[in-house]
Amino acid sequence: MPNRSNMIDDPLSDVLRLAEVHSVVAGGFYASGEWAIHFPPPDKVKFFGVVRGQGWIRFDDGSPPVRLGPGDVILLAAARGFTLASAPDAIGVEASGIFAGRKDAFASVGAASSSDHEVMQVGGHFSPNTSYSPLLMDVLPPFIHVHGESSEARALQWILQHLVKEREGLPGAALATSQLGLLLFVQALRAHLASGAVLKASWLRAATDARVAPVLRLMHGEPARAWRLEELARSAAMSRTGFATHFKAVAGESPLAYLARWRMHLAERALRRGEATVGELARTLGYASESAFSHAFKRIVGESPKHYGERYRDDGPSGDLRVPMRTGQAPLA
């Protein structure tokens, strides 16, 4: 179970910690002249930052190409191939042929060399525990573009510069780049929200909603408490009916359904790690009996907690533990 004293008290941080999200800064490339790199559909949330120069991104689905300028950062959460290029109609060389097997942090494309180039981009991806992949992939916008000239991009430009610096092999560079990558993700998401963009109904929209986020803090802080709708509505300074309607509009489910799902996510993590028995989880998550907890777990997760725990022990930590959900259902979305 989580140790609340060691956690930042906000819903977004809670979920990112729960999902064990980590960043991988793969490196980047230098480019000059005519160049184009084609990337296959990602199975993780990818990011690219334009440290210097400009270019284009064109998606394989035929949507209009997007111009990228200095300081721009993009997040890609949709499983669609794309091309980064010097011109919107350039034909790309496959990324695997450029980056596979390389030991250098940066590759040179087009007519570029490390000392003579017009464009410099850095990239990587964000990877949660496979059990929680839908927590990110299903709720993030397919394409987030933070423009370098925007006021929100200043922090991102600082991060990009330090990511490049860390690739020089400084002591502690692996840890520093991972933390900088996560900071880039959070800052890009903040910039996206500051632009006035509206997220689809999900835990992410709820976690960034001024009325609902304080309520999530309460539920995350005391998941075992028998929260009543009236209490939660008062904490949001709303009427019972108004709160219930607003919560469902932003979260995609009722407050008590969200609470039940959050409890099950905590239980999943504890079972995977072998931190508690089914009976202990029932008591610490606020269920009157082990059978009541097991029934709720099976209804939401799709299998009994006993079988879930056994499957994890059989598969081991590296197993692909995708939690089976009912048709049309996704975790906290």
Side-chain angles (χ1 to χ4, degrees), residues 1-23 45 75 77 126-129 131-141 144 152 179 182-229 231-238 242-270 284-286 300-301 323 329-333:
M1 302 300 294
N3 182 344
R4 295 298 306 178
S5 64
N6 293 328
M7 295 180 71
I8 298 174
D9 188 25
D10 79 88
L12 178 59
S13 296
D14 283 348
V15 175
L16 294 180
R17 289 174 184 270
L18 174 79
E20 301 170 7
V21 176
H22 66 277
S23 69
V45 180
L75 300 184
F126 306 104
S127 180
N129 181 296
S131 298
Y132 293 111
S133 180
L135 278 174
L136 290 183
M137 300 300 286
D138 291 354
V139 305
L140 284 174
I144 291 178
E152 293 80 13
Q179 296 302 312
L182 281 177
L183 182 58
L184 182 144
F185 171 75
V186 173
Q187 194 63 41
L189 186 57
R190 288 172 177 172
H192 180 68
L193 294 170
S195 71
V198 178
L199 301 170
K200 70 178 182 180
S202 65
W203 70 264
L204 181 58
R205 184 174 170 187
T208 56
D209 182 87
R211 291 287 185 91
V212 173
V215 177
L216 298 192
R217 290 190 184 97
L218 294 176
M219 291 193 285
H220 287 195
E222 296 183 79
R225 182 171 171 175
W227 291 102
R228 293 182 295 111
L229 188 59
E231 291 179 284
L232 299 174
R234 281 197 300 270
S235 69
M238 300 178 71
F243 169 71
T245 301
H246 181 70
F247 190 103
K248 188 168 186 178
V250 299
E253 59 186 344
S254 72
L256 298 184
Y258 176 95
L259 175 60
R261 194 179 299 280
W262 179 250
R263 288 170 170 172
M264 295 308 110
H265 282 309
L266 297 177
E268 289 170 335
R269 182 173 64 177
T284 57
L285 290 175
I300 294 173
V301 177
V323 181
Q329 193 176 48
L332 293 180

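Just so it is clear, the structure is predicted and the values come from calculations on it, not from any experiment. Numbers for residues simply follow the sequence, beginning at 1.
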What distance do T284 atom OG1 and L266 atom CG have between them, rounded to the nearest 0.5 Å?
9.0 Å
When rounded to the nearest 0.5 angstrom, what is the spacing between NZ in K248 and OG in S254?
7.0 Å
Say whether, by atom type as modelled, one donor and one acceptor occur between the side chain of R263 and the main chain of P223 under 3.5 angstrom.
yes
E20: which residues meet the side-chain hydrogen bond (donor to acceptor under 3.5 Å, both in side chains) condition with it, sequence neighbours left out?
N129, R273
Taking only residues two or more places apart in sequence or in another chain, which ones pass side-chain hydrogen bond (donor to acceptor under 3.5 Å, both in side chains) with H246?
D209
Where is the tightest heavy-atom contact between R17 and R269, given as atom of each residue plus distance?
O-NH1, 3.9 Å
Between M219 and W262, is any pair of side-chain heavy atoms under 4.5 Å apart?
no
Got a sec, which residues hit side-chain contact (heavy atoms from CB on, under 4.5 Å) with M137, two or more places apart in sequence or on another chain?
V45, S133
Could you tell me which non-hydrogen atom of A191 sits nearest to which non-hydrogen atom of E152, and how far apart they are?
CB-CB, 3.5 Å
P141 meets the side-chain contact (heavy atoms from CB on, under 4.5 Å) criterion, sequence neighbours left out, with I144, H192, L199
With Q187, which residues qualify under side-chain hydrogen bond (donor to acceptor under 3.5 Å, both in side chains), at least two apart?
R190
Donor-acceptor check, side chain of K200 to backbone of R205, threshold 3.5 angstrom: yes or no?
no
Separation of E268 CD from R261 CZ (nearest 0.5 Å):
9.5 Å
A244: partners by side-chain contact (heavy atoms from CB on, under 4.5 Å), with sequence neighbours left out
L229
Looking at NE2 of H265 and NE2 of H220, how far apart are the two atoms once the value is rounded to the nearest 0.5 Å?
9.0 Å
Look at the side chain of S195 and the backbone N and O of L193, then say whether any donor-acceptor pair between them is shorter than 3.5 Å.
no
Could you pull out all residues at least two apart from F185 that satisfy ring-ring contact (aromatic ring centres under 6.0 Å, His included)?
F126
Rounded to the nearest 0.5 Å, the OH atom of Y258 sits from the CZ atom of F247 at a distance of 6.5 Å
For a quick test of reading the model, state the closest non-hydrogen atom pair linking A213 to A207 and the distance between them.
CB-O, 3.5 Å
On a heavy-atom basis, the closest approach of R217 and D10 is NE-CA, 4.0 Å
Rounded to the nearest 0.5 Å, what separates atom CG in L136 from atom CG in L16?
6.5 Å
With the side chain counted from C-beta on, respond yes when L12 and L189 share a heavy-atom pair under 4.5 Å apart, and no when they do not.
yes
With sequence neighbours left out, write down each residue that passes side-chain contact (heavy atoms from CB on, under 4.5 Å) with A224, or none if nothing qualifies.
none
So does L232 get a backbone contact from the side chain of W227, meaning a donor-acceptor N/O pair under 3.5 Å?
no
Do the non-hydrogen side-chain atoms of P255 and F243 ever get within less than 4.5 Å of each other?
yes
